[in-house]
Visitor: 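I have a structure I would like to understand better, so I am pasting it below and will then ask my questions one at a time.
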There are 2 protein chains.
Amino acid sequence: MVDEAAEGMRTGAMTLTDVARAAGVGESTASRVLRGHGSFSEKTRESVLSAARSLGYVPNRIAGTLASTGSKLVGIVIPSLSNIVFPDVLRGANTVLVGAGFQPVVAVTDYDQGREESLIESLLSWRPAGMMVAGLEHTERTGAMLRQARIRVAELLDTDGEGIDIVVGFSNREAGRTSGRHLVSRGYRQIGYVGHDLSRDLRAAKRFAGFRSALEEAGLKVAAQEIIPASSSIEAGRDGLARLLERGTNLDAVYFSNDDMAIGGYFHCLARGIAIPGQMAIFGFNGLDVARSAPQPLSTILTPRVAVGENGARLVCSEGPPARIDLGFELIEGATT
Amino acid sequence: MVDEAAEGMRTGAMTLTDVARAAGVGESTASRVLRGHGSFSEKTRESVLSAARSLGYVPNRIAGTLASTGSKLVGIVIPSLSNIVFPDVLRGANTVLVGAGFQPVVAVTDYDQGREESLIESLLSWRPAGMMVAGLEHTERTGAMLRQARIRVAELLDTDGEGIDIVVGFSNREAGRTSGRHLVSRGYRQIGYVGHDLSRDLRAAKRFAGFRSALEEAGLKVAAQEIIPASSSIEAGRDGLARLLERGTNLDAVYFSNDDMAIGGYFHCLARGIAIPGQMAIFGFNGLDVARSAPQPLSTILTPRVAVGENGARLVCSEGPPARIDLGFELIEGATT
DNA sequence: ACGAAATATGGCAGCGCTGCCATAAATTAT
DNA sequence: ATAATTTATGGCAGCGCTGCCATATTTCGT
């Protein structure tokens, strides 16, 4: 179907000039038709369109972007792809972005601020229309680059701190505090913590800090804690709880750094026949599907991950002054507390 | 630290010309230094670099790509971000791509071939160096565009069919067959199936076909099946099994369209006190973390998702003839069969 | 019917960079 | 010392497209 009659010999691909020539019109006319801008007659429209179709013309947005002002790319920087949380944010962002004619370009930092810096530098060289980044903490140079770029920058998933331009998320500190208060109000007093590497996951660290402050309000403190020096996972949660219990500390509840970890703890209890919440209460964070569908729905904090992506994307695509949206979170009183 | 002395007034950002002028050298010299190509003296190098640094210069890859031949972008087209399977592939691809200096650009089709077509058309307009797509089934026009593009194209996660250029994956049909044979060899005879929307997830359909053929080999057929007209999820699996059992069919095993669905089924049994595998055996597909860490590890097929992404990316970045890599899969004999 | 206003269309200068070619300067060979 | 190389460096034409301006070519208003 597609005509292979090679005209231009530059990069092999058909160019606007080829289409214009084939349609017997000028380049600008062809350009207008193809983009639906400006005015042109119906006859012209048809001949350009049919020429484009028969030549198998694919517009070159690289050239288009260079010629016009801004690009239609939006950089998205997330720490990980291993935890469904970030794909969720990405999904929300993607929907809105594509709907608005933008193309997401993703980069994964692996929770490393140095890598974040170089990835952002690299993304900026594509002259994106905007940038979406997870979290508020960056290296000084990252912050400088983002500010210098004079583009929309959205920082996601955290509101505990100052942002560069747009901030969309919720307070991790408050989430931790709410979690702690919930456990206290349920009457638990010997409360432990099982978490993953906090030095890299700063938002988890904020939750833990908020959590501790809630216990302190009640005159309590974390009875025992176990930090797995790795990223969060179900297995890490399972091992973490196992190790915590091996120590013999008497615990009636455990707060986990997130749902993955908590589900691991839940599985450990199921496997060991530890009654939940009778012998051991479990609390997580995120409100994942797996937590909601478990035989006993997990008590956790539901976070608006997709909405964070959507709102961030919407603001990045729009004009306006710096904005700050706190989407909050929801305490899920499941069956594990 | 960064000097704000605006020189160029075009798009606001610093250009190579600005850097060259500030360093007192020609554009091409500045370009060579910045890219580390060609030759230049140490003195020149330093002055260019320091000029670039103090001006806060960020190279414009849009311009660079247009001027040189190919881009350093690679398009990645996946059906979904809701299931961890695709982020896993993406993760593998991302690691290799970034390591080789490429920038991934993702698009999500939502299992819709029409959307896939338009997303791919849009991606191609960025003149990517290569393209990675999930699956072998595309619209005719998608196939034509991919072939016309004269770039590396990798089709992932399936080897049951003809590919365009590079194919990296495993046989879903064989995976289904292996699953069926496993259940049969374990002595199960009343085998049911709980799946999600197969009209869109063609690979799940292939697995089910392979599965049925294994049962037929043993003179059996699917005793009962329940298809949830939605995408796969833990909840869908749970509901699906519940509905299947409500019908009163006597079943001793159920094959699920994937691990998400299977975990849902597993949770249903736990909640209802159905003994596994005594009263009911469960078999899934993918080998997710949650399946491996459950109190009873799920019997399933472990798929090399990250490796698929890695190998696909490696081949896309390289020269050479069309390739086909079958990475196989692994039968996990868990505790649910 | 005649200029005014709208509608169509082509020409061409860049966008910022790379690649090629021509020089100029430093080094080595003879 | 002079030629032959090697190393440095600048100039400039595009890459394919868009945006602006200049030119037709209609369509109206009165």
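The structure displayed is predicted, hence computed values, not measured ones.
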Visitor: Between A/S31 and D/dT18, is there a side-chain N or O to OP1/OP2 distance below 4.0 Å?
Guide: yes

Visitor: Go through the structure and list residues passing side chain to side chain contact (heavy atoms under 4.5 Å, CB included) with A/V25, not counting sequence neighbours.
Guide: A/A20, A/A23, A/T29, A/A30, A/T44, A/V48

Visitor: Run the salt bridge (Lys or Arg N to Asp or Glu O under 4.0 Å) test against A/E137 and tell me which residues pass, sequence neighbours left out.
Guide: A/K206

Visitor: Let me know the distance between CG of B/L16 and P of D/dC15, rounded to the nearest Å.
Guide: 19 Å

Visitor: Let me know the distance between NE2 of A/H37 and P of D/dT18, rounded to the nearest Å.
Guide: 9 Å

Visitor: Sequence neighbours excluded, which residues qualify as side chain to side chain contact (heavy atoms under 4.5 Å, CB included) partners of A/R200?
Guide: A/D110, A/Y111, A/D197

Visitor: What's the shortest heavy-atom distance between A/A13 and B/R127, and which atoms?
Guide: CB-NH2, 4.1 Å

Visitor: Could you list the residues that satisfy salt bridge (Lys or Arg N to Asp or Glu O under 4.0 Å) with A/D165, not counting sequence neighbours?
Guide: A/R152

Visitor: Give a yes/no answer on whether the side chain of B/R61 brings an N or O atom under 4.0 Å of OP1 or OP2 in C/dC17.
Guide: no

Visitor: Give every residue pair that meets the salt bridge (Lys or Arg N to Asp or Glu O under 4.0 Å) criterion with at least one member in residues 31-44 of chain B, sequence neighbours excluded.
Guide: B/E42-B/R45

Visitor: Distance check needed: C/dC17 C1' versus B/M14 CE, whole Å only.
Guide: 17 Å

Visitor: Could you pull out all residues at least two apart from A/E46 that satisfy salt bridge (Lys or Arg N to Asp or Glu O under 4.0 Å)?
Guide: none

Visitor: In whole angstroms, how far is the P atom of D/dC17 from the NZ atom of A/K72?
Guide: 18 Å

Visitor: Given atom CG of B/L66 and atom P of C/dG14, what is their separation to the nearest angstrom?
Guide: 17 Å

Visitor: Name all pairs fulfilling the salt bridge (Lys or Arg N to Asp or Glu O under 4.0 Å) condition that reach into residues 75-96 of chain A, sequence neighbours left out, sorted by first residue then second.
Guide: A/D88-A/R91, A/D88-A/R305

Visitor: Using side chain to side chain contact (heavy atoms under 4.5 Å, CB included) as the criterion, list what pairs up with A/T17, not counting sequence neighbours.
Guide: A/T15, A/R21, A/E27

Visitor: Would B/S122 and A/R61 count as a side-chain hydrogen bond (donor to acceptor under 3.5 Å, both in side chains) here? Give the steps.
Guide: CA-CA 9 Å; B/S122 169; A/R61 290 221 212 189; 3.2 Å; yes

Visitor: What is the per-nucleotide protein-contact pattern of nucleotides 5-11 of chain C, from the 5' end, where B denotes a base atom under 4.0 Å from a protein heavy atom, S denotes such proximity for sugar-phosphate atoms only, and - denotes neither?
Guide: --SBBBB

Visitor: To 10°, what angle do the rotation axes through the five end pairs on each side of the helix from C/dA1-D/dT30 to C/dT30-D/dA1 form?
Guide: 30°

Visitor: Measure all distances between protein nitrogen or oxygen atoms and nitrogen or oxygen atoms of nucleotides 23-29 of chain D, and list the pairs falling under 3.5 Å.
Guide:
none

Visitor: Figure out the NZ/C1' separation between B/K43 and C/dA26, and round it to whole Å.
Guide: 13 Å

Visitor: Work out which heavy atom in B/P104 is nearest to a heavy atom in B/N94; give both atom names and the distance.
Guide: CG-OD1, 3.3 Å

Visitor: Would you kindly give the CG-to-P distance between B/N60 and C/dT18, to the nearest whole Å?
Guide: 9 Å

Visitor: For C/dC17, does OP1 or OP2 lie under 4.0 Å from any side-chain N or O of B/Y57?
Guide: yes

Visitor: So which nucleotide from C/dG19, D/dG19, D/dC15 ends up closest to the side chain of B/S68?
Guide: C/dG19

Visitor: Report all side-chain donor-acceptor pairs from residues 306-313 of chain A shorter than 3.5 Å, counting only partners two or more places apart or in another chain.
Guide:
from, atom 1, to, atom 2, distance (Å)
A/N311, OD1, A/R314, NH2, 2.2
A/N311, ND2, A/A307, O, 2.8

Visitor: In whole angstroms, how far is the C1' atom of C/dG16 from the CG atom of B/D18?
Guide: 10 Å

